[in-house]
Structures are given as structure tokens and as C-alpha cells.
Protein chains: 2
Amino acid sequence: MNPDALRGHMDALLLSVLEREPLHGYAIIEALQERSGGALNVPTGTVYPALRRLERIGYLASEWATVGGRKRRTYRLTDSGRKQLEGERSAWAEFASVIGGVLRPGVRQPG
Amino acid sequence: MNPDALRGHMDALLLSVLEREPLHGYAIIEALQERSGGALNVPTGTVYPALRRLERIGYLASEWATVGGRKRRTYRLTDSGRKQLEGERSAWAEFASVIGGVLRPGVRQPG
DNA sequence: GTCTATATGTAGACTGCCTATAGGTAGGCA
DNA sequence: TGCCTACCTATAGGCAGTCTACATATAGAC
């Protein structure tokens, strides 16, 4: 998977995996891998800054927890984040439709 | 359309509009607009450098022409570019499938 | 004691899309 | 004659998000 291709879609992915339940960063990375059938291997250097950014914007909120002697910062969607996720979903649908349309082989222009 | 979303897909778009016939830069921009129903407004500062990059790689070749007193640099797909376009198409299909899959609401993990 | 898995985080590089700007021709219009 | 718009190519520098590499730490297996 070309890394640049993810640009601008990372927020949507992160918000989406947090839709059902709060997760901590490490678990988010694993969830992305599982849900993508192994195609998405997002490095920690991408995820952690992105999560902080999304929290700063207000789409996520986080709490610290200690589980089995290990500290975790668990992120959950805010109401604002839930709305944003809806927007990201429709934006993705439009994006995929537009790009897919231009890329479709043998396209004829109207006229 | 979020500009960042286009990252890593611009090459595919450019190669795709050049598949049927050679075009010059300005015409490529118009073709992208038409084919996308107006959604794709790619600035010249994006297209011209990208075309040169693709030519440097060997996916495109160009010739100068003068039409109606105006100079045009017309780009066409090379054989290498045609192969690359195939690769870009399958890469897009996989990308769209992966992202779409993760973004799909109410996804359940196996198990 | 070493290794792996778990877990968070930062610094700096990279890259490619963007804005802004530059230069030029052709043709319509006042 | 001057002004405006459409056409046409091109570069410089900014910007932002992803990446690589590194730092730090606990738990448990071996």
C-alpha cells in the first residue's frame, strides 16, 4: 500500500475504528490491521500524533488507564467526532466515486 | 474535495486521461474537470510539475507543437506508462476496497 | 539474562500538492 | 489604443501529514 495514498484518509480510518468502542493506540493499530485483512500496517509514528491531533480538534477524548501493569491512553469518539465520521464517510464515497469514474477504462466524454 | 485526499492518486488520474489520446497540460486539466463532473479542479501548479515528473520516470513522452500561435507541450503515454496505468488501476481497486471496508459502518470483526 | 510482545511517544526527513506569481499569445470590445 | 478574458506553460516556496528511526518502559516466556 503506497503510503501517500493514505493522506487525508487517516482521520476517517481512526474515527471509524473507534465508532463501536473506545480503544488505545496500540489496539487501534491492531484493529486497522485486522479490519483490512493485513493490508493496513500503520506505524506508531503515524497513529499517535494523529490521535493527539484529533483530540486537539475535539473529535476524540482520552483517559489514562493501567491494565496489567501497563499504562494505556484510551481514546473515545466525542459527539463532534461522531458527526465528523459521518462527514468523512460521505466524503470518502464521493472521492471514491470521482476517482473511480476517471480511472474507469474506456471512458467516453458526453457528446 | 480535500486536496490531501488526492495524494498518491494524481499519477493514476493523469495517466488515465492520456490513455485514449495525447493531450497538453491545459487540456488535461479540462479533461479531469469534465470527467469528474466538475469535482476535480487541479491547479496548474500541481499538473505541470507532475507531468514533468512522469516524463522523467518514463511513463510519458512529450513534443512541442504550435497551434494558433500558441505553444503547447503535448504528452502521450509510453508503453511503460500504459503498463503503469494498469498497475495504478489495480492499486486503486485494492485501496478503495480496503478503505471502504474499514469505513463501512457497523463492521464486525471475525470472531 | 535475553527475547518478544505490549505500549506510548518524539524528532526530523520526506514528499508532493498547494498558493502565488511570472511570462506570453490571441481575440473581443470600447 | 488600451483593457479584459481565455488560452498556455512554468517555477518558487509553503505547508501538512505520513514515514523512519529512536527512546523509554513493563510483563512474561524461555
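Model, not experiment: these values are computed from the prediction. Throughout, protein chains are lettered first and strands after them, A, B, ... in sequence-line order, and every chain is numbered starting at 1.
One can place NZ of B/Lys71 at 24 Å from P of D/dA6, the figure rounded to the nearest angstrom. Rounded to whole Å, atom P of D/dA25 lies 18 Å from atom CZ of A/Arg73. We find that CD of A/Gln33 is positioned 12 Å from P of C/dA5, with the value rounded to whole Å. Straight-line distance from the CD atom of B/Glu55 to the P atom of D/dT9: 13 Å, rounded to whole Å. Remark: P of C/dT8 and CG of A/Leu60 are 14 Å apart, rounded to the nearest angstrom. Between A/Leu14 atom CG and C/dT8 atom P there is a gap of 13 Å when expressed in whole angstrom units. Following rounding to the nearest Å, A/Leu51 (CG) and D/dG17 (C1') show an atom-to-atom distance of 14 Å. Across the protein-nucleic acid pair, A/Leu54 atom CG and C/dG9 atom P stand 14 Å apart, rounded to whole Å.
Proximity of residues 22-29 of chain A to DNA chain C (heavy atom under 4.0 angstrom from any strand atom) is restricted to A/His24, A/Gly25, A/Tyr26.
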Query raised in the report: Which letter, B, S or -, goes with each nucleotide of nucleotides 12-27 of chain C from 5' to 3', with contact meaning a protein heavy atom under 4.0 Å?
Result: ---BBSBB-----BB-
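A/His9 and A/Phe95 have tilted rings, their planes meeting at an angle from 30° to 60° on a 0 to 90° scale. Below 30°, between 30° and 60°, or above 60°: for B/His24 and B/Tyr26 the angle between ring planes is below 30°, a parallel geometry.
Other residues, nucleotides and ligands contribute at most 12 non-hydrogen atoms within 6.0 Å of the CD atom of B/Glu94.
Side-chain contact check for A/Arg73 versus A/Arg52: some heavy-atom pair is nearer than 4.5 Å. Within the 4.5 Å cutoff, side-chain heavy atoms of B/Leu6 are placed close to those of B/Leu13. For the pair B/Glu88/B/Ser16, no side-chain contact is recorded, criterion being any heavy-atom separation below 4.5 Å from C-beta on. Considering only heavy atoms from C-beta on, A/Leu60 comes within 4.5 Å of A/Leu15 through its side chain. The shortest distance between side-chain heavy atoms of A/Leu54 and A/Gln84 does not fall below 4.5 Å.
Among A/Glu63, A/Glu19, A/Glu55, the one residue that satisfies the salt bridge (Lys or Arg N to Asp or Glu O under 4.0 Å) test with A/Arg76 is A/Glu63.
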